[in-house]
2 protein chains.
Amino acid sequence: MARIGLREVASRAGVSIKTVSNVVNGTGSVTTATRERVEEALAALDYRPNLAARHLRRGSSGLIAVALPELTQPYFAELAAELVRAAKARGRMVLLSQTEGDEEAERALLEGRDLPVLDGLVLSPLALDAPALRERVDRSPLVLLGEHVGDAVLDHVTVDNCAAAADATAHLLSLGRRRVAAIGAQDSGPNETAVLRLEGYRDALRAAGVTYDERLVATVEQFHRPDGAAAMARLLELPEPPDAVFCFNDALALGALRTLAVRGLRVPRDVAVVGVDDIEEATYTTPSLTTIAPDKQALATAAIDLLLRGGAAAGLPPQTVTVPHRLAVRETTAGPTPSPTADLLPPTAGSHPADGPTPSPTADLLPPTAGSRPAPDPEEQP
Amino acid sequence: MARIGLREVASRAGVSIKTVSNVVNGTGSVTTATRERVEEALAALDYRPNLAARHLRRGSSGLIAVALPELTQPYFAELAAELVRAAKARGRMVLLSQTEGDEEAERALLEGRDLPVLDGLVLSPLALDAPALRERVDRSPLVLLGEHVGDAVLDHVTVDNCAAAADATAHLLSLGRRRVAAIGAQDSGPNETAVLRLEGYRDALRAAGVTYDERLVATVEQFHRPDGAAAMARLLELPEPPDAVFCFNDALALGALRTLAVRGLRVPRDVAVVGVDDIEEATYTTPSLTTIAPDKQALATAAIDLLLRGGAAAGLPPQTVTVPHRLAVRETTAGPTPSPTADLLPPTAGSHPADGPTPSPTADLLPPTAGSRPAPDPEEQP
DNA sequence: TTGAAAGCGCTAACAT
DNA sequence: ATGTTAGCGCTTTCAA
């Protein structure tokens, strides 16, 4: 059974190739009569366009590449899910790569090496710094994820990391904590995010009149759970250990919580904890994690829209979109440590409080209920 | 700046188009002298092949579509990561879709509607049942993820769900538990996985001479945390509540743990818990989760290899690959509940015990340490 | 409103 | 060892 092309359809409908093409694409104008005949033929032959040919001709592919460091990081997985969804809503498919922090991989992506024709690239750079990014040769639109100071040259979409960190820290201070540690500073690498979050942390301390204590800032290699766990362990060995920790992301916070639990420290009584990202898991740990929740859906939508606008390739000036974030207050800073009395739960009835961008201290103590989101039905097929 | 094609390169190097093509693809034979000239031109002009054209000509694209229900489920995210990696190792890129449990979306994928030319499709079906899958029209190779009873017609790769469930249940029974509940049965839908895991659960009970008690089997809508939390709550209301729970996946187990924690029940003392999937999070909950760990890397590699072998499209008989799984014993069934005494942790030194396929009761009590895996450097760029 | 023909950039036959 | 030519299936001028 040979592949069906426009030719076959045309001959069956007794019209020319062009007419069929018109019908398929809704271009030109066709009599209702011929259109019907063509559509009948289309259906009968089960015609499906050869996209490679179409792309060759049109020069665009309907494909958007999304390059993230690592899909196993829940934050990126959730972001990827939103990006795929947003792209689909705009009729685009997503080509997914994992850079795994490899500079060479990021460079290859930027240069469009070994890639099909793309409508654009959404990149969350890790290894590459601003100058390297600016050198980009390829002309297909590029949108960067994440904040890049002093880089007004490229389109990017981000949250205000500095403000987010300040909000988180201020929340801890508002609880009366005074030895507020930070986990997530980095010695090296062009990780602007870490720099900005540290800055926000310091800003908040300053605003509260708390003096900055270098020993309370723990450096990590990566933003992963083990790093958070190790960092927390180090902080606990200080002569005056912290009574609160701001972790630069949720993975670090979860690692820190693990260490605290193992050491028998009570959260939030002994140590209060805040993270950033609001990964789904943050709602479900015990105690559940207070965190800065960036609007991931807005992030994804903005990235795709920015991309499809055409960016520099279309002669537009570079844009920066900053999406809102909110503080989701949960048990690690507010709720009671789980106890037999609590029938806060079971998480069965009620709906997820849709708190606005302003911190609302009572919100988010409960995990969302089964029906709280128009979720699909993903079951399990290992 | 016009796009550089073979023609431009050819004229600059003073050779024919074909020769350039030969150099680029390593086909034919070229004198070292001319090759060098061509390569110089290639580099000077920064030639990049137009993949759309190449695909049109070759009829294959180097693209593999991977369709999973939902990337926000850590299990699928981890699987996706492995699939992307495996595909890259074979020189293929991955086009990622989320079906979100939508039957129509799965069907569209199967029929290749609106898709670029693909070298194949890896699908984890949710809504579609065996007959629907068999009807597949499209001829590009297809590999199914997950077990599909009575479906020897299609290539698929899976773990032995029945055995896995039996192993998990047997482990709980070996702890002396006798009221072993199950969370994850399903009323409806073609979810073969749920059926098989229930079967394994019953097998293990039977083998241990424990009578099956229907009331101990909790049904869920989806395999998500809230469902697990709600199911656990229901089980606890039984006149004789369970002393152990086998959850059909880790997400359900984490939900159940949350409910147990909130109710003040101690794990594993009061209730022991086992999951399936071994998502990364399972290592980091407190207490850490005992779970069945399928070999995800093997799963991904097998899927990609099966796909590239050509499958039915190449006239090969359908194959079923069953990848191994192991029981990863952690705190929810063995370790002490976290207490001040424990300096099992901090997770700083030592290396992750690489336990074999046989359950080793002492293994896996510690989270892996930062250096335990040749991990990349994913930091954070929200 | 519809048809004929050219060509997107590449690779595969077939020359030379 | 290299060059020439003919399409892959589609969209797009340009005519009819």
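All chains are named by letter (A, B, ...) in the order of the sequence lines, taking the proteins before the strands, and each is independently numbered beginning at 1.
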B:Arg85 vs A:Glu70, salt bridge (Lys or Arg N to Asp or Glu O under 4.0 Å): CA-CA, chis, key distance, verdict: CA-CA 10 Å; B:Arg85 199 172 288 146; A:Glu70 180 77 62; 3.5 Å; yes
Check ion pair A:Lys296-A:Glu78 (N to O, under 4.0 angstrom): yes
Summary of protein contacts for nucleotides 8-16 of chain D, nucleotide by nucleotide, where a base hit scores B, a sugar-phosphate-only hit scores S (4.0 Å, heavy atoms): BBBBB----
Of the listed nucleotides D:dT2, C:dT2, C:dG3, the one nearest the side chain of A:Val30: C:dT2
Counterpart residues, side-chain hydrogen bond (donor to acceptor under 3.5 Å, both in side chains), relative to A:Glu103 (two or more places apart): A:Arg107
Non-hydrogen side-chain atoms of A:Leu142 and A:Leu123 separated by less than 4.5 Å: yes
Short side-chain N/O contact from A:Thr34 to OP1 or OP2 of C:dT2, under 4.0 Å: yes
Which atom of A:Leu307 lies closest to which atom of A:Ile64, heavy atoms considered: CD2-CG2, 3.5 Å
N or O in side chain of A:Thr31 less than 4.0 angstrom from C:dT1 OP1/OP2: no
Under 4.0 angstrom between A:Ser16 side-chain N/O and C:dA4 OP1 or OP2: no
Check: B:Leu71 main-chain N/O paired with B:Gln98 side-chain donor or acceptor under 3.5 Å: yes
Side-chain N or O of A:Thr19 closer than 4.0 Å to phosphate OP1/OP2 of C:dG3: yes
